[in-house]
Amino acid sequence: MIEQGMTTPQGEYTDDVAAFVERFAADLIQAGMPRMPARVFACLLASQEATLSSVELAGRLRISPAAVSGAVRYLDQVHLLSRQREPGSRRERYRVLHDTWYGAMINRDALLRRWADTMRAGLEVVSPGTPAAHRMADTAEFMEFLQMELKGVLSRWNERQTARATAADRPSGEPGRP
């Protein structure tokens with residue numbers, strides 16, 4: 001019998017896991033991620049194995065290796081997966097790192113800064129006091145606000161993770177440990 005969250009003997013996901021992968025992929029697509037990268041990311045996230053190859057991803061998602069290649073390229077560019085080579089092979093394996101969301105948010109910090117700088121530069125080429133100038137100034141201010149808030153959120157996340165790791169190292173029954 002195949003336990004929930006496992007794959008079949010043919011390497012395919014069980015129906016429950018396949019449904020989760022497609023649901024989470026749909027959520028990512030709704031948020032703006034392209035379809036194939038969303039499916040590949042959700043597949044990797046739901047995998048019991050630490051890594052999956054292109055062939056394994058293609059089989060589980062019933063897509064072509066070329067579709068996997070394009071999806072992996074996108075996910076690598078936005079830092080949502082890592083690649084590693086199989087020893088002695090040209091074949092790559094892909095994984096979602098435990099801090100993948102943190103890494104993605106760190107990269108958003110640079111993106112927000114770049115957008116704010118671009119809006120500030122745009123203010124120099126439009127007439128002051130115009131609707132365009134107001135929109136650009138508001139956009140720049142919002143991006144700068146998000147950048148500052150993101151730094152605080154990421155700092156609090158680090159503190160939370162450190163506290164959780166410290167609590168996990170304490171013997172059972174000590175304060176701060178359930």
Side-chain angles (χ1 to χ4, degrees), residues 1-115 118 143 146-147 149-151 153-169 178:
M1 178 176 157
I2 299 171
E3 296 178 28
Q4 185 175 4
M6 305 270 305
T7 56
T8 67
Q10 296 79 29
E12 296 175 354
Y13 280 128
T14 61
D15 290 344
D16 290 344
V17 176
F20 165 79
V21 166
E22 295 305 325
R23 179 178 176 192
F24 187 52
D27 291 346
L28 293 170
I29 293 163
Q30 186 69 31
M33 186 182 283
R35 185 171 185 267
M36 280 303 139
R39 293 185 71 217
V40 168
F41 181 76
C43 184
L44 285 165
L45 192 66
S47 173
Q48 293 294 326
E49 299 85 0
T51 64
L52 292 175
S53 69
S54 179
V55 170
E56 291 165 328
L57 285 163
R60 289 182 188 190
L61 295 171
R62 296 185 175 123
I63 59 177
S64 73
V68 171
S69 178
V72 164
R73 189 174 327 113
Y74 174 89
L75 293 168
D76 190 36
Q77 288 172 347
V78 296
H79 308 283
L80 286 177
L81 65 70
S82 73
R83 301 170 184 237
Q84 65 186 59
R85 291 240 183 224
E86 291 181 5
S89 171
R90 293 184 353 183
R91 199 174 279 181
E92 290 184 325
R93 297 192 65 82
Y94 310 103
R95 76 171 56 233
V96 173
L97 299 175
H98 74 281
D99 62 351
T100 201
W101 293 112
Y102 180 85
M105 291 298 114
I106 289 288
N107 289 317
R108 293 299 181 256
D109 181 61
L111 184 63
L112 293 170
R113 180 176 34 256
R114 190 167 55 245
W115 287 348
T118 300
M143 295 302 156
L146 285 178
Q147 187 181 2
E149 289 299 309
L150 183 58
K151 287 178 185 175
V153 166
L154 294 175
S155 176
R156 288 190 303 277
W157 177 253
N158 276 333
E159 291 168 8
R160 180 180 176 152
Q161 293 299 90
T162 300
R164 195 165 93 185
T166 302
D169 290 339

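Atoms considered below: every heavy atom in the structure, side chains included; atoms not considered: hydrogens, waters and symmetry mates.
Contact detail for Arg91 and Ser89: the closest heavy-atom pair is N-OG, 2.9 Å. Smallest separation of non-hydrogen atoms from Leu97 and Ser82: CD2-OG, 3.7 Å. Scanning all heavy atoms of the two residues, the minimum distance from Asp109 to Gln147 falls at OD1-CG, 2.9 Å. The heavy-atom pair separating Met105 from Leu154 by the smallest distance is CB-CD2, 3.8 Å. Considering every non-hydrogen atom in both Ser54 and Tyr94, the closest pair reads N-CE1, 3.9 Å. What you find for Pro34 and Pro37 is that their closest heavy atoms are O-CD, 3.4 Å.
To the nearest 0.5 Å, atoms CD (Glu56) and OG1 (Thr51) are separated by 7.0 Å. Rounding to the nearest 0.5 Å gives a distance of 10.0 Å between CG of Leu150 and CZ of Arg108.
With hydrogens and angles disregarded, no donor-acceptor distance shorter than 3.5 Å links the side chain of Ser69 to the backbone of Pro65. Under the 3.5 Å distance criterion, the side-chain polar atoms of Ser155 are left unmatched by any main-chain donor or acceptor of Lys151.
Using a 4.5 Å cut-off on side-chain heavy atoms (C-beta onward), Leu52 and Cys43 make contact. Leu75 is listed as a side-chain neighbour of Met33, based on a closest heavy-atom distance under 4.5 Å. Val72 places a side-chain heavy atom less than 4.5 Å from the side chain of Val68. Residues Arg60 and Val17 form no side-chain contact, since every pair of their non-hydrogen atoms from C-beta on lies 4.5 Å or further apart. Residues Val21 and Leu61 meet the side-chain proximity criterion, which asks for heavy atoms closer than 4.5 Å.
Considering only residues two or more places apart in sequence or on other chains, Asp76 meets the side-chain contact (heavy atoms from CB on, under 4.5 Å) condition with Leu81, Arg83. For the ring-ring contact (aromatic ring centres under 6.0 Å, His included) test, residues two or more places apart in sequence or in another chain that qualify with Phe41 are Trp101.
The number of heavy atoms from other shown groups lying within 6.0 Å of CZ (Arg85) is above 12.
Identified under the salt bridge (charged side-chain N to carboxylate O under 4.0 Å, His left out) test for residues 17-36, with sequence neighbours left out: Glu22-Arg39.
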